[in-house]
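Reading through the C-alpha cells given below for one structure.
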Amino acid sequence: MSEPAIDHNLPHGVRQLFSRKNSIAWAMLVFTLLVQLVVWQSLRTNEDRAAQQQFQLLGEKVTEAIRKRLRDHEQILLGGAGLFDAAENVSREQWRTYVNRLLLPDRYPGIQGVGFSQAIPHAEHDAYVTSIRAQGFPEFDIHPPGERELYTSITFLEPFLGRNLAAFGYDMYSEPIRRQAMLRAARLGESSMTGKVTLVQETHGKVQAGVLLYVPVYRHGMPMVTPEQRMQALLGFVYSPYRVDDLMRGILLAADLPLALHIYSSAGEETEHLIYASSEAPGPGSARFSQLQKLDLYGQTWTLRMDSRPEFDNRFHSNEALVFGLGLGMSLLVFLLTSSLALRHSRAQALANEMTRHIRQSRHDLRLSEERLSLALKGSNDGLWDLDLEAGSMFASPRAWEMLGYRPNELTCDLKLWERVTVAEDLAQQKARLAQAMLSNVDHFTTELRLQHKHGHVVPVLLRGYIQRDPQGMAQRISGTLMDLTERKRVEQMKNDFVSTVSHELRTPLTSISGALGLIVGGALGSAPPTMQQMLEIAYRNSLRLGHLINDLLDMEKMAAGKMSFELREHSLGDLLEESLASNHALCEQHGVHCTLEHPNDVLVWVDGLRLQQVLGNFLSNAVKFTPEGGQIRLHSSLRGAKVRISVTDQGPGIPEAFRSRVFEKFAQADASDSRQKSGTGLGLAITKELIERMGGTVGFDCAPDQGTTFWCELPIQTPPAESDSRDGQPRILVVEDEPDTGRLLHMMLREGGYGVERVQSLHQAREKLATGQYEAMTLDLHLPDGSGMQLIDELRDQPAMQDLPIVVISAAHQFEQDQFPAGIVWLHKPITNTQLLVAVEQARENIRQTGSRPR
C-alpha cells in the first residue's frame, strides 16, 4: 500500500503531521472526539435527570408551602371560633383585639382579613339590623336586598378599612358558590373553602380571583350530632377572604422559585376555574419540564400546573458549550501529544478520562445522598444527637436545639449537657436506665424523657438511640434521634377530656330513661302485658348498669386528674356502718340475701362519709352478687392497734388463684367473657382502693377456696376532734392540721416547748375554737379538707379582736410569696424540726408586739 501523495512544498513539520506514520495520532483524534461526544451526551443525560429531580422537589415545595399556609390560616379561624365558644357574645372591640394580636400583615402576608358572618333567621332580620345601627352604623343594612329564609351578614371584618368596608353587611349565603361552601361547613362541622369567586372587596384596581375559607360556629348547649342539628345550632362563620394573587405572592415571594405556576380551583385545567397565573409564564409546550399536582383543600380540589422557566433550565445546561469546547481542546491536545508519544500517551489519556468520570460520578452520588438525608430529616421533623464517649463531646442538630428553645450551641456541648436539660426529678431514673442499657448487650434503645425548655415549661420527647461498641463490648459512641411528643401528649389529654365530657353528657338523659323505666316497671302507669313487662325489666336493669358504669368512669377520671375532692371530717364508725347496712338492705332483699352487722367497739375515724359509704357499697354489692340466695353476708369491724379494720364477708365461691393479683386493677374481672353470669364494670374495686388510700387507709382481701371471700379496709383511729393539752399558767396554742401524724408531731413539739396545745383538723373546727377560746398563737396548714388556710387568715385579719393573733404557716409548698401575707405571719416549709417550730412561734409573737414589722 503506497503512502498518500503529500505536497513536498509544505513545511517539514506539517508533512509529518499528515504522514502515514502519524496515523495512530489521527486514530486517537477520532477516538477522543467520539469519547468526548459520549461523555458530553452522558453528562447532558445526568444533568437532565438531576434537573427533573430538582424540578420535582421544587413542585413539592410549592405544594407544601400552599398547604401549610392554608393550614395556618385555618388555625387562625379556629382560634376565632374558639373565642366565640368561650364567650358567645363577642364584641367588635374584642374581635379587633384578637385579630390585631395575630400580626397578620407581618406573619401572613396576602390574607385579606379575618371576619365573622352571623347566621340570621328571617324572623330576626329587622332586630339584627337595628342592633348594628345602634352600634354607630346608621346606614347599615344587609345586602343584597331580598326576602330569604336565612341571612348571613358580615358583622366583623378586620382590618376594618379600605376594600374590606365594602363587605360589611354582605350576605354571602345569597351567592351560590359561597352558599355551597358555607352549607358544607355548617352541616359537617368542619372547615370548608369555596371555589372561584369575585370578592365584594374588588372595588378598585385589578380584579383578582378570590376564594373564602369558612369555619362554623355553633351556639352553646345545643345538640350537634346530625347535620340538621348543626344547622339548627348554627351561630355563624368565622372566615377569611383571599385575593388569590395577593395570597400566592405572600406564600411564594420569599421562595423566588424559577418556575411558572397556574392554579385551577377544579380537578382539571379548566380555563373558567383559573384562579392564579404567575407572571412571565412560558408559552404552551415551551417549558422543558412540567408537572401537575392535585391539592385537596377543605372540600375543594386545586390543580397546580408548574412549568420550568429558562433560568431554571440554564442552571443545568449553561456550561454545555464550555464542556464541549474543553473536550475538543483535550482531543486536539491528545492528538498532538500522541504524535510524539504515540501509544504510551494514549493509554495515560484513557486512564485520565476514566478517573475524571469516576470522580464526577462520585461527587454526584455524594450530593444526591446528602440531599436525600437532608430531606428525610426535614420530613421527620426529628432532632439528631451524638455522644462521643471517647472524645467527651456531644453534638445536637439545630432541630434538637429548637425543641428546647435554644440557638445551636447556645449551651456548652459536653457529656453532661443532657443532664442539665433533663427535668430534675427524672434525672436519677434516667441515669439508671442509661447505665443499664450501656452495661447490657443491647445496641438499640427507646425511652421517653421530659426535658426542660429554655422558657421553663417541660417538653416530652421520645429518645431513640444506637450504641456503638468496641470488640470488648464497651460503649464508645451513642447516637440517635429526638422526637417532640408535645402534640401527641396534647391529643391524649384531649381524648381523656372527651371521655369525661361524653360521660357527663350521658348522665342527664340516662337519669331520665332510668327514672321513666322504673316508674313503668313499678306499675305507676298501670300493668303491662307479661312479654312487654319482661322487656321493660331488661331495659331498666341495663339502664341502671349503664349508669353505674358512667359513674365509675367519672370517678376514675376525677381521681386520675386529681380533681376528686374529699370532705374529710370526724365520724362515728358505728353510725357509718349502720347507715351503709340500711342503704343496702333493699339490694340484699332483692337477691334473697341476709346481711348482719357486728361492731363491738365504736371509734372515731377521719374520713369523707360519702366516699366511705361508696366503698362499703362496693364491698356489699360484690358480696351480694356472689352469695347464693338464702346466704348470709357479714359486715363487721375489729381493732388492730391504732387502726380499725372494716370487713365484708360473703359466702361465694372465692377468687380464682390466677386472678388474685389483679383484683384491684381497672376493668379487671375474674370472668371477662361475653357469657359471664355476674355483671359489672370492673372498676368498683379499683375505685375503692383509690378512695381508701386517699383517706389514709389500706385495702385487701382474704380468701380460701370454696369458703367465701372477705374484703377489708383499714383506717387510722382518730383521737377526739380537738386534742386538748392545756395546762394552767401556760400559753395556749391552736394547731390547725388535717394530717393526723403531722398534727400529733406538732402537738408533741409544742407541749415539750412549754405550751398548752389544742388541735383541730378543719377550718370549721378552727373557727369554733377561735370564737370560744383565747390563744397566744396558731399554727396553720394552707391545704385543709374544707378550704384553704388563706381564707381563715383573711377572716381573722378582718376581725379587730383577732387581727393581732400570731400565725405560723406550715406548708409543703415549694414557692412562697411573703408579700401576700399580713404582718405577724411566719412561714415554715415541711419538714420541720422542734427548734425551727419553737423559734417560729416566738418570732410570730414578737412580730405582733413590734407593730408594723415584717417576718424574716
Side-chain angles (χ1 to χ4, degrees), residues 567-571 604 606 696 716 718-813 816 818 820-850 853 855:
E567 190 171 341
L568 299 175
R569 297 179 183 273
E570 288 181 345
H571 292 271
L604 296 176
W606 181 257
Q718 289 296 111
T719 54
E723 289 188 352
S724 179
D725 188 13
S726 298
R727 302 173 184 175
D728 294 338
Q730 290 184 329
R732 299 171 64 207
I733 290 184
L734 180 64
V735 173
V736 185
E737 172 63 56
D738 66 318
E739 207 283 320
D741 292 337
T742 303
R744 284 191 287 268
L745 178 63
L746 295 176
H747 188 146
M748 184 182 303
M749 288 179 175
L750 292 170
R751 186 181 60 190
E752 294 297 326
Y755 291 98
V757 183
E758 292 189 21
R759 181 168 71 90
V760 295
Q761 297 170 306
S762 64
L763 286 181
H764 80 277
Q765 293 175 349
R767 293 187 183 104
E768 293 176 356
K769 286 294 179 182
L770 291 170
T772 59
Q774 295 293 327
Y775 300 95
E776 297 296 325
M778 177 177 69
T779 70
L780 177 64
D781 186 2
L782 292 181
H783 301 287
L784 295 168
D786 52 351
S788 170
M790 281 296 298
Q791 300 175 10
L792 183 60
I793 293 175
D794 294 338
E795 293 173 8
L796 297 179
R797 290 306 183 245
D798 290 337
Q799 301 177 17
M802 303 298 297
Q803 62 184 1
D804 292 334
L805 177 67
I807 299 175
V808 177
V809 173
I810 301 175
S811 174
F816 173 72
Q818 189 175 18
Q820 296 178 359
F821 291 83
I825 294 179
V826 175
W827 181 80
L828 289 178
H829 182 271
K830 295 179 182 178
I832 61 174
T833 64
N834 191 357
T835 302
Q836 287 177 319
L837 177 60
L838 297 177
V839 169
V841 170
E842 289 303 316
Q843 178 65 42
R845 298 177 67 185
E846 182 64 24
N847 290 338
I848 290 297
R849 296 191 194 101
Q850 300 174 2
S853 65

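Bear in mind the structure is a predicted one, so any value in this text is a computation, not a measurement. This chain uses plain numbering: 1 for the first residue, then up along the sequence.
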Next item on the list: List the atom of Glu737, the atom of Arg759, and the distance in Å for their closest heavy-atom pair.
Entry: O-NH1, 4.0 Å
Margin query: Minimum heavy-atom separation for Gly754 and Pro731, please, with both atom names.
Written below: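 Nearest pair, atom of Gly754 first, then Pro731: O-CD, 3.9 Å.
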Nearest 0.5 Å please: distance from the [atom1] atom of [X] over to the [atom2] atom of [Y].
{"X": "Gln836", "Y": "Met749", "atom1": "CD", "atom2": "CE", "result": "8.5 Å"}
{"X": "His747", "Y": "Ile733", "atom1": "NE2", "atom2": "CD1", "result": "11.0 Å"}
{"X": "Glu795", "Y": "Leu770", "atom1": "CD", "atom2": "CG", "result": "10.0 Å"}
{"X": "Leu780", "Y": "Ile810", "atom1": "CG", "atom2": "CD1", "result": "8.5 Å"}
{"X": "Ser762", "Y": "Arg767", "atom1": "OG", "atom2": "CZ", "result": "8.5 Å"}
{"X": "Gln843", "Y": "Leu838", "atom1": "CD", "atom2": "CG", "result": "13.5 Å"}

Note to self: Name the residue from Leu782, Asp781, Thr779 that meets the side chain to side chain contact (heavy atoms under 4.5 Å, CB included) definition with Val809.
What the structure shows: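 That would be Leu782.
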Next item on the list: I would like to know whether Val826 and Ile807 meet side-chain contact (heavy atoms from CB on, under 4.5 Å); could you show each step before the answer?
Entry: CA-CA 7 Å; Val826 175; Ile807 299 175; over 6 Å; no
Notebook entry, point to check: Can you check whether Gln774's main-chain N or O pairs, donor with acceptor, with Arg732's side chain at less than 3.5 Å?
Noted result: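 Confirmed, Arg732 side chain pairs with Gln774 backbone.
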Notebook entry, point to check: Judged by atom type as modelled, is there a donor-acceptor pair below 3.5 Å linking the side chain of Glu752 to the main-chain atoms of Met748?
Noted result: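 Looks like no, no N/O pair under 3.5 Å.
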Item checked: Partner set under salt bridge (charged side-chain N to carboxylate O under 4.0 Å, His left out) for Glu842, not counting sequence neighbours ->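 Once residues adjacent in sequence are excluded, the partners of Glu842 under the salt bridge (charged side-chain N to carboxylate O under 4.0 Å, His left out) criterion are Arg845.
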Check: Can you find a side-chain donor-acceptor pair between Glu758 and Tyr775 that sits under 3.5 Å?
Finding: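 There is such a pair (donor and acceptor under 3.5 Å, judged by atom type) between the side chains of Glu758 and Tyr775.
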Check: Taking C-beta and beyond as the side chain, do Val735 and Val760 meet within less than 4.5 Å on heavy atoms?
Finding: no
Notebook entry, point to check: Are any non-hydrogen side-chain atoms of Leu792 and Met778 less than 4.5 angstrom apart?
Noted result: yes
Notebook entry, point to check: Does the side-chain contact (heavy atoms from CB on, under 4.5 Å) test come out yes or no for Val808 and Trp827, once each step is laid out?
Noted result: CA-CA 6 Å; Val808 177; Trp827 181 80; over 6 Å; no
Check: Does any pair with a residue in residues 799-810 pass salt bridge (Lys or Arg N to Asp or Glu O under 4.0 Å), and if so which ones, sequence neighbours excluded?
Finding: none
